[in-house]
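Have a look at the structure below before the remarks.
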Amino acid sequence: MSGEHGSTGQDAGQPPGQPPEHPNEHPNDEPDRQPAHQPDGVWAPDRQPPARPAREPWQLFADPDTPARKPRRKRVVLADSRRRGRVLRTIIDLEEQTSVGEKLVEDLVRTQAKAAFGLAALVVGALGALPLAFYLFPPLAEVSLAGVRLPWLLLAVLPYPVLYAIGHWYRRLAEANEKDFVNTVDRN
Amino acid sequence: MWGVGALAFVAVLTFLLGFVGARKANTTPDFLVARRAVSTTRNAAAISGEYLSAASFLSVAGLILKDGVDALWYPIGFTAGYLALMLFVAAPLRRSGAYTLPDFAEARLGSTRLRHWCTFFVVCIGVLYLVPQLQSAGLTLTTATRLPTWVGTAVVSAVVVVNVLGGGMRAITLVQAFQYWAKLLAIAVPTFVLFAVFLGRPDAGEQAQASDRPPVLTEAKTITLPESVRLQVTEPITLTVHGVVRGEQVDARVYWAPGSYEVGAGTELDFTAGSTVPVVEGSPTRSVNWLTPQTGGFNELFQTYSLIFATFLGTMGLPHVLVRFYTNPDGRAARGTALHVLSLLGLFYLFPTVLGVLSRLFLPELLVTGKTDTAVLMLPEAMLPGMAGQILGAVVAAGAFAAFLSTSSGLLVSVAGVVSTDILRGRVREFRWATVLTGAVAVSLALVLPRSDASMTVAMSFALAASTFCPLLVLGIWWRGLTWVGAVSGMVTGGGLVMVAMVGSVLSSYRGSEPHALLQQPALVTVPVAFLVMVVVSKATSRLLPEDVSRVLLRMHAPDRLGFMRDRDVARFGTDEERARAASGGGRHRRLTLRPRSRTSEQQGDEK
C-alpha cells in the first residue's frame, strides 16, 4: 500500500481539474459509488489525473531516493475527498519516520517553543518584578500620577493591554513559523 | 421586588437560549464539543462568559474592599492565565483532536491508567469549583430577595441541569456567549452610574485620601454579625453591644481598647456616626496599608507570588476552560479565540476594581461582618437610596446570577462529559445520567459545606489545576521525553500536596488561627515540585516512551492546512454522516463535507 506514495514524479506537471484522459474507462467521479470491497487509493493507472500533484505534504517524508521516483509508475487520485484519505495514510506512514521528516518536526516544535517560552519569560519578567519592586522600594508606592497612585495604575489598568499586545505578538510569530514550515514542505 | 424580576428574567432567557441551542443537538460530539464548529468570536464570548464566575463578579470587588491593592493580582492572574494558555496549549491541544482532558492524556501517552487519574482530577477540580458557585448563588438570592439561601442554590442547579440535559455543549455555547455580554452590561452600567454619583458628592476628594486610620462610618449604623468573627481594633472606640464578646454575654455600652475581640454569631453592634470600624482579622486595618502594596512583609510577598503562580498556570488546567477550546474548528481558530478572550476579560475586570474601591468608602460595615462578597450587590442601594438604587441593585444581581449560571453550566458539561465517556459508555443517554449525578453531588456538597470567600476556594482549585494538569499539558506538548509513569507521579505528587495544604488550612481555621501562608496558597511550591517529579520520573522510565511520539507531536504542531488533525471523538462515537467516513477514511473528519452525503455512502460505510 505504501509503495505508491512516492510515485508521483511523472504526474507533477498535470494541472488539477484537467479532464480525464480516458473518459470511457472512468465511469464515475463519485467515489462513494465504488464497490465496497475496493480499498481506496488503489493504484489504477488510467482512471483519472491527480487532483493536486506534487504538493502533498507527505512527499516530504518519503525518501527521495527510493524506487518510488521511478517514472513509469503513476499515482491516481480518484477525487478530492480521496486526497484527504491519502494524507491520512501518510500519517500512518509517519510511524516509520524518515530522518528528514523527524528533523523537520523537531525544528518546528523548537521554533514554536522558542516563541512561546520567550514571550512567557517576558511577561513573567515584567509583571513578576512588580511585587518584589514594591516590597524592596516602598517609596515607589508613594508616587502618584494624575491623582492616582502608581501601584493602582500599574496593577489595575496597565496589565490588560500589555497581555493583549503580547498575545497578538505571539499569534503573529506562531503563524509565521507555521507558514515557514508549510513552505519547507512544499519545496520538498 | 426588582431583584426577583431581574433574576427571573435572566433565568427564563437562559432557559430559552438553551432550548434554541439544544434543538439540533443529538449526537455525542454535539454534547461533548458542539461538533467543533463554534466561531472564534462566539467561542471567545462563551469562554469569557463561563470564566467570569462568582469569583470574578462578586469576590474581586470584595477582596479589593478587604485587602486593597494587593487583591488586584486576582484579576491580573485570571487574565494572564489565558495568555499562558494561548502560548503553551491552545493550538496544539485542539490539533490533538481530543475531546476531553483525559482523552488528551491518552492520545499523547497511550495509557489508560493515566487517563483514569486525569478523570479523577477533573472531577476533583470541577466539583471544587462548582460548589462555591452554587453557594454564592444562594448568597445572591438571599441578598436580593431575602429568600433562604438553599433556594438560590437549588434554583441555579435546576436551571443549569435542565439546560445541559437538553443539549450539552451545543446548548450552552449560545447561553454562555449571551451571558458574557449580560454580565459586562450588568457591571458596567452600575459602575458608571455609581462613579458619577461619587464624583458628584461634595466630600469626594477628602474621603479618598490615604490616612493612618481605619475606615470611618459616615452615619450611625447597627450591624448584626451572621457568624462569629475575630475583630481587630486599632483605635479605641465606644459602641453598644448586644451579644457575646470574648465568650461573655454583654448588653451595654462598652469601650474597646485596641486589641483582638472574638464576637459571637448573632451579636448586634451599634456604632455612632464618625466611629472607626473594627476589621476582620487578617485584613489591613489602616487605610494606608490598604492603599499601598506589599505592606504585609515576607509572608504576603510569598502569597502574592504563589497566587501569581496558581492563576497564571492554573487556567490552562481548568477542565471547563479547556473543553471549550476543543469546540474550535481548528488550531488557528483556537489561538484566535484565546486572543479574543484576553481582550474581553481585560475589559470586564476594570469594573469590579472601581466598585471595590467605592465600596471601601460606602460600605465599611462589611469589614466588620467579613461578608465582603456581597459588596457589589449592596453598593447601589448604599450609594443611591430609593428607586434608582433598587433598580441598579437588581441589574447587578441579575449579572451575578448570570455568572453562576454560565460557570456552573460549563463545569457541569465538562465534568459530565468526562464521567460519561470515561466511567460510562459515552452515549448521549449516559451523558444525561452523568449530568444528573454530577449536579446532585455538587448541590449536596454546596448545602453541607461551610461557605468561604469564593475567590479563596477558586484560588485553591487553580492551585490544584496548576499542580496537576499544567505540567502534564506543557510537558506533553513541548517535551518528547514524557512517559505515562512520569505524568502520573507528577500529577499525584502535585495534586496530593495541594490537597494536604487544603486540609491543613481548613484544620487550622477550625482551631481559630490564621493558616500559614504556605497552606493558604501552596502553588509556589507544589507546581515546581510537580514539574520536577514529572521530568525526573520520565527520565528514569524512558524505556516506556510511546512509540508514536513523533507522530503525535507532528499532529499537534503541524499547521492546520496540512491536514494532520484527527478528531478522536468522531473516531470513537461518530455521527451517521461521519461514521461512513470513519469507516472508509480511518476517522478523518473535516468540517466541510467534500462529497455529497447520500444513503449509498452511509450504507457502504456501515457495511465496512
Side-chain angles (χ1 to χ4, degrees), chain A residues 30-34 36 40 57 79-81 84-85 87-92 94-95 97 101-102 105-106 108-109 112-113 115-117 119-120 123-124 127-128 130-132 134-135 138 141-142 149 151-152 155-157 159-161 163-164 166-168 170-171 174-175 178-179 181-182 185, chain B residues 69 72-73 76 79-80 82-84 86-88 91 291-295 298 301 304-305 308 312 332 335-336 338-339 342-343 345-347 349-350 353 478 480 547-548 550-551 553-555 557-559 561-564 566 580 584-588 590 594-596 598 600-601 604 607-608:
Chain A
E30 181 57 71
D32 293 335
R33 269 178 265 147
Q34 286 190 5
D40 69 335
D80 204 24
S81 61
R84 294 287 178 196
V87 177
L88 171 74
R89 196 145 307 111
T90 319
I91 294 175
I92 295 165
L94 274 168
E95 277 171 15
Q97 294 258 316
E102 196 143 327
V105 175
E106 220 164 84
L108 174 70
V109 174
Q112 294 286 47
F117 284 87
L119 288 179
V123 175
V124 170
L127 286 180
L130 288 177
L132 197 65
F134 292 137
Y135 179 70
E142 310 281 320
R149 292 211 171 194
W152 286 86
L155 296 181
V157 184
Y160 305 107
L163 291 174
Y164 183 82
I166 292 197
H168 197 80
Y170 172 70
R171 186 168 72 168
E175 278 175 10
E178 287 182 358
K179 215 170 153 195
F181 182 74
V182 174
V185 170
Chain B
V69 67
L72 290 173
W73 283 106
I76 296 176
T79 314
Y82 268 95
L83 185 65
M86 178 184 180
L87 295 180
F88 298 125
L291 201 60
T292 320
Q294 301 303 332
T295 49
F298 183 74
L301 187 70
T304 306
Y305 274 113
I308 291 176
F312 279 31
R332 203 165 165 263
R335 229 179 250 144
L339 186 63
L342 280 177
S343 64
L345 290 184
L347 182 65
Y349 281 127
L350 296 176
T353 310
W478 300 102
R480 55 195 304 141
E547 280 173 15
D548 59 351
S550 299
R551 191 164 57 96
L553 280 184
L554 170 77
R555 188 180 296 159
H557 292 280
R561 45 182 287 215
L562 293 183
F564 284 113
R566 207 176 77 172
S584 62
R588 291 273 320 131
R590 304 299 301 178
L594 292 169
R595 53 185 165 172
S598 60
T600 26
S601 79
Q604 190 186 336
E607 281 160 26
K608 281 185 178 182

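To find a chain, count down the sequence lines: A is the first, B the second, and so on, and within it residues start at 1. FYI, side chains are in, hydrogens and waters are out, and symmetry mates aren't considered; it's all heavy atoms of this structure.
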Heavy-atom distances under 4.5 Å only: say whether [X] touches chain A with side chain, backbone, both or neither.
X        : value
B:Thr79  : both
B:Ala80  : both
B:Tyr82  : neither
B:Ser343 : both
B:Ile76  : both

What are the two closest heavy atoms between [X] and [Y], and how far apart are they?
X        : Y        : value
B:Leu350 : A:Ala156 : CD2-O, 3.6 Å
A:Val109 : B:His557 : CG2-CD2, 3.5 Å
A:Pro131 : B:Leu301 : O-CD1, 3.7 Å
B:Trp478 : A:Ala113 : CZ3-N, 3.3 Å

Sort A:Leu108 into side chain, backbone, both or neither according to what part of it lies under 4.5 angstrom from a heavy atom of chain B.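 The answer is the side chain of A:Leu108.
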
Relative to chain B, which segment of A:Pro159 carries a heavy atom at a distance below 4.5 Å: side chain, backbone, both, or neither?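 For A:Pro159, side-chain heavy atoms alone lie under 4.5 Å from chain B.
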
Set of side-chain hydrogen bond (donor to acceptor under 3.5 Å, both in side chains) partners for A:Tyr170, sequence neighbours left out: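 For A:Tyr170, no residue satisfies side-chain hydrogen bond (donor to acceptor under 3.5 Å, both in side chains) once neighbours in sequence are set aside.
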
The criterion is side-chain hydrogen bond (donor to acceptor under 3.5 Å, both in side chains); which residues satisfy it with B:Arg332, sequence neighbours excluded?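 Result, side-chain hydrogen bond (donor to acceptor under 3.5 Å, both in side chains) vs B:Arg332: A:Glu175.
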
For each of B:Thr353, B:Leu553, B:Leu339, tally heavy-atom pairs with chain A at distances under 4.5 Å, and name the one with the top tally.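 Winner by heavy-atom pair count: B:Leu339.
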
May I ask you to name which of A:Ile166, A:Val157, A:Leu132, A:Leu130 has the most heavy-atom pairs under 4.5 Å with chain B?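 So the answer, after comparing A:Ile166, A:Val157, A:Leu132, A:Leu130, is A:Leu132.
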
Any non-hydrogen side-chain atom of B:Leu345 less than 4.5 Å from a side-chain atom of A:Tyr160?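 Result no, sub-4.5 Å side-chain heavy-atom pair not found.
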
CG on B:Leu554 to CZ on A:Phe181, rounded to 0.5 Å: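 One finds 6.0 Å between CZ of A:Phe181 and CG of B:Leu554.
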
Got a second to check how far A:Tyr164's OH is from B:Leu83's CG, nearest 0.5 Å?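 The OH atom of A:Tyr164 sits 12.0 Å away from the CG atom of B:Leu83.
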
